[in-house]
Amino acid sequence: MKRAILVKRNDPRSDEHKNELQLLELRELAHSAGYTVVLELVQTRHPDSRYQVGRGKVEELAQAVQALNVDKVIFHNPLSTMQIYNISEICRREVIDKFQLILEIFATRATTHRSKLQVELAKLEYELPRARAIISILKKEERPGFMGLGGYENSYAQDVKNRIDRIKDELEGMERDGDILRRSRHSRGFSLVALAGYTNAGKSTLFNSLVKEDVKVQDMLFTTLVPITRSLDVEGRTVLLTDTVGFIEDLPHWMVDAFRSTLNEIFLADVVLLVVDSSEPLETIRRKLITSHETMWEQLQEVEIITVFNKAELLGQEELNERMLALGYLAPNPVAVSAKKGFCLDILKAELRSHLPKWDRVHISLPLSEEGMSMVSWLYEEGVVHNISYGDSIDIDLEARDAVINKARSFAKERASSS
Ligand SMILES: Nc1nc2c(ncn2[C@@H]2O[C@H](COP(=O)(O)OP(=O)(O)OP(=O)(O)O)[C@@H](O)[C@H]2O)c(=O)[nH]1
Ligand SMILES: [Mg+2]
């Protein structure tokens with residue numbers, strides 16, 4: 001295992017609880033990226049423009065790096081190029097911030113061509129302004145060789161820009177294909193349902209128990225990077241359920257952009273199942289819900305949200321109810337489940353059913369014939385047949401989208417007039 005030191009600067013008078021959570025999350029991220037954390041340094045002060053933390057703290061850090069044989073220094077606070085340069089000059093070790101750490105995790109999780117492109121894009125978008133800054137530092141100081149970046153020439157920035165453009169083109173092409181696929185699914189009458197929520201909330205576990213799949217589940221952040229879709233029967237209606245990448249606080253814009261085509265699975269859904277880990281402290285749940293809503297907010301239009309209080313088996317019923325109530329508008333349409341134990345999935349399905357786009361319910365009489373029977377089997381596929389009786393004709397109590405009802409009606413009319 002690689003060894004890392006975590007560093008966090010807290011603003012004076014900032015929320016203590018929030019600071020603790022952020023450090024905890026950084027620790028989890030480091031763990032998910034495969035680091036053993038050997039030391040955590042925290043300092044409360046205003047930001048230092050050269051080192052982020054104070055000069056004395058950096059010297060303490062440099063000593064610890066030597067003494068503890070550390071591979072990497074990871075800052076919670078976003079670092080400027082200048083700060084990375086200055087700190088690594090003193091520590092003689094690679095220094096990264098939280099965003100670069102997330103990128104490292106994403107790089108190891110990317111398995112498909114598309115997700116590899118997305119990660120590369122995010123990396124380049126992150127690095128471009130920094131590369132420019134480093135080049136200007138090197139020029140000013142007339143010194144090559146900083147962190148192996150000495151070979152950069154002026155054209156480097158242009159090369160990066162070209163590569164960014166090419167990747168964007170390719171991803172947009174894939175996005176268009178995705179849109180076409182989604183539209184065709186829609187027009188075939190499937191409703192689209194997406195699992196969304198903070199990383200590690202249990203989205204993939206819920207996906208697995210709902211559709212009997214075996215998607216990878218782990219007590220780590222960002223286990224899922226590549227979305228997966230399966231069909232699911234919800235009380236007679238077939239929906240397409242998609243498992244997606246998790247959210248995290250301060251997910252920067254360049255990252256949302258890079259993963260736009262993945263996040264579109266959420267943004268274009270009819271219903272979003274917003275999964276939360278209800279076993280966490282109330283304040284944590286609240287913060288994670290806020291982050292989730294903020295991530296989706298700009299993009300979501302007229303989407304129904306069901307809040308899934310997962311890991312409910314870890315709490316008492318009373319505590320659970322209190323939490324659902326306390327979160328109020330942040331948690332619309334709350335349902336408590338245990339994805340792991342498979343508890344209350346029927347209640348979730350019933351709630352989901354009631355939020356699916358409306359279908360009409362009608363009575364239709366079809367001729368009792370071979371053609372009529374093949375129409376019936378088509379209706380079974382495309383809609384929900386609540387009741388069917390065979391007499392002189394076939395009488396059906398049918399629920400379906402308009403297109404299906406119209407087709408069945410005109411079929412019935414044609415046969416009636418031709419007989
Ligand atoms: N106790 C309990 N643990 C659960 C439940 N559902 C999921 N977990 C655990 O929570 C952890 C995360 O589960 P995942 O399904 O990988 O979570 P995710 O939301 O898909 O996470 P990312 O893909 O990393 O964003 C795993 O250790 C699961 O076993 C549950 O209902 N109860
Ligand atoms: Mg997952």
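Atoms within each ligand, like the ligands themselves, are counted from 1 in listed order. Scope of the values below: all heavy atoms of this structure, side chains included, with no hydrogens, waters or symmetry mates.
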message: Any nitrogen or oxygen of Ala201 lying under 3.5 Å from a nitrogen or oxygen in ligand 1? Just yes or no.
response: yes

- prompt: Is Phe222 close to ligand 1, meaning an N/O of one under 3.5 Å from an N/O of the other?
  reply: yes

- request: Under 4.0 Å from a heavy atom of Leu221: give me the atoms of ligand 1 that qualify, with their elements.
  value: 24 (O)

query: Can a salt bridge be assigned to the pair Lys168 and Glu172 using a cut-off of 4.0 Å between side-chain N and carboxylate O?
result: no

message: Tell me whether Glu280 is salt-bridged to Lys288, with the criterion being a basic N under 4.0 Å from an acidic carboxylate O.
response: yes

message: For Lys340, is there an ion pair with Glu313 - N to carboxylate O distance below 4.0 angstrom?
response: no

statement: Looking only at protein heavy atoms, what sits closest to atom 21 (O) of ligand 1 is Asn200 N, 3.0 Å

Shortest protein contact, atom 32 (N) of ligand 1 (heavy atom only): Glu313 OE2, 2.9 Å

query: Looking at ligand 1, does Met220 have a heavy atom less than 4.0 Å from it?
result: yes

Ligand 1 contact on Asn310 by region, counting heavy-atom pairs under 4.0 Å: side chain

message: Closer than 4.0 Å to some heavy atom of Ser204 - which atoms of ligand 1 meet that?
response: 15 (O), 18 (P), 20 (O)

query: What is the distance from atom NZ of Lys116 to atom OG1 of Thr111, rounded to the nearest 0.5 Å?
result: 7.0 Å

field: Reported NZ-to-CG distance for the pair Lys8 and Asn19, which is rounded to 0.5 angstrom
entry: 4.0 Å

query: Which protein heavy atom lies closest to atom 8 (N) of ligand 1, and at what distance to 0.1 Å?
result: Lys311 CE, 3.6 Å

- request: Before accepting this row, confirm whether a basic side-chain N of the pair Arg9/Asp11 lies closer than 4.0 Å to the acidic partner's carboxylate O.
  value: yes

task: Determine, for Arg353 against Glu399, whether the closest basic-nitrogen to carboxylate-oxygen distance falls under 4.0 angstrom.
output: yes

query: Less than 3.5 Å between some nitrogen or oxygen of Thr244 and one of ligand 1, yes or no?
result: no

field: Numbered atoms and elements of ligand 1 in range of Gly246, under 4.0 angstrom, heavy atoms
entry: 25 (O)

message: Between Arg237 and Ser191, is there a side-chain donor-acceptor contact under 3.5 Å, judged purely by atom types and distance?
response: yes

- prompt: What residue and atom, counting heavy atoms only, is the protein's closest point to atom 28 (C) of ligand 1, and at what distance?
  reply: Val217 CG1, 3.6 Å

- prompt: Which option, Arg109, Lys341, Lys203, owns the non-hydrogen atom nearest atom 18 (P) of ligand 1?
  reply: Lys203

message: Starting from atom 16 (O) of ligand 1, what is the nearest protein heavy atom, named by residue and atom, and what distance separates them?
response: Gln218 N, 3.3 Å

message: Could you identify the single nearest non-hydrogen protein atom to atom 15 (O) of ligand 1 and state the distance to 0.1 Å?
response: Thr205 OG1, 2.6 Å

query: Is it true that Arg286 and Glu283 have a side-chain N and a carboxylate O under 4.0 angstrom from each other?
result: yes

field: Shortest protein contact, atom 3 (N) of ligand 1 (heavy atom only)
entry: Lys340 CD, 3.6 Å

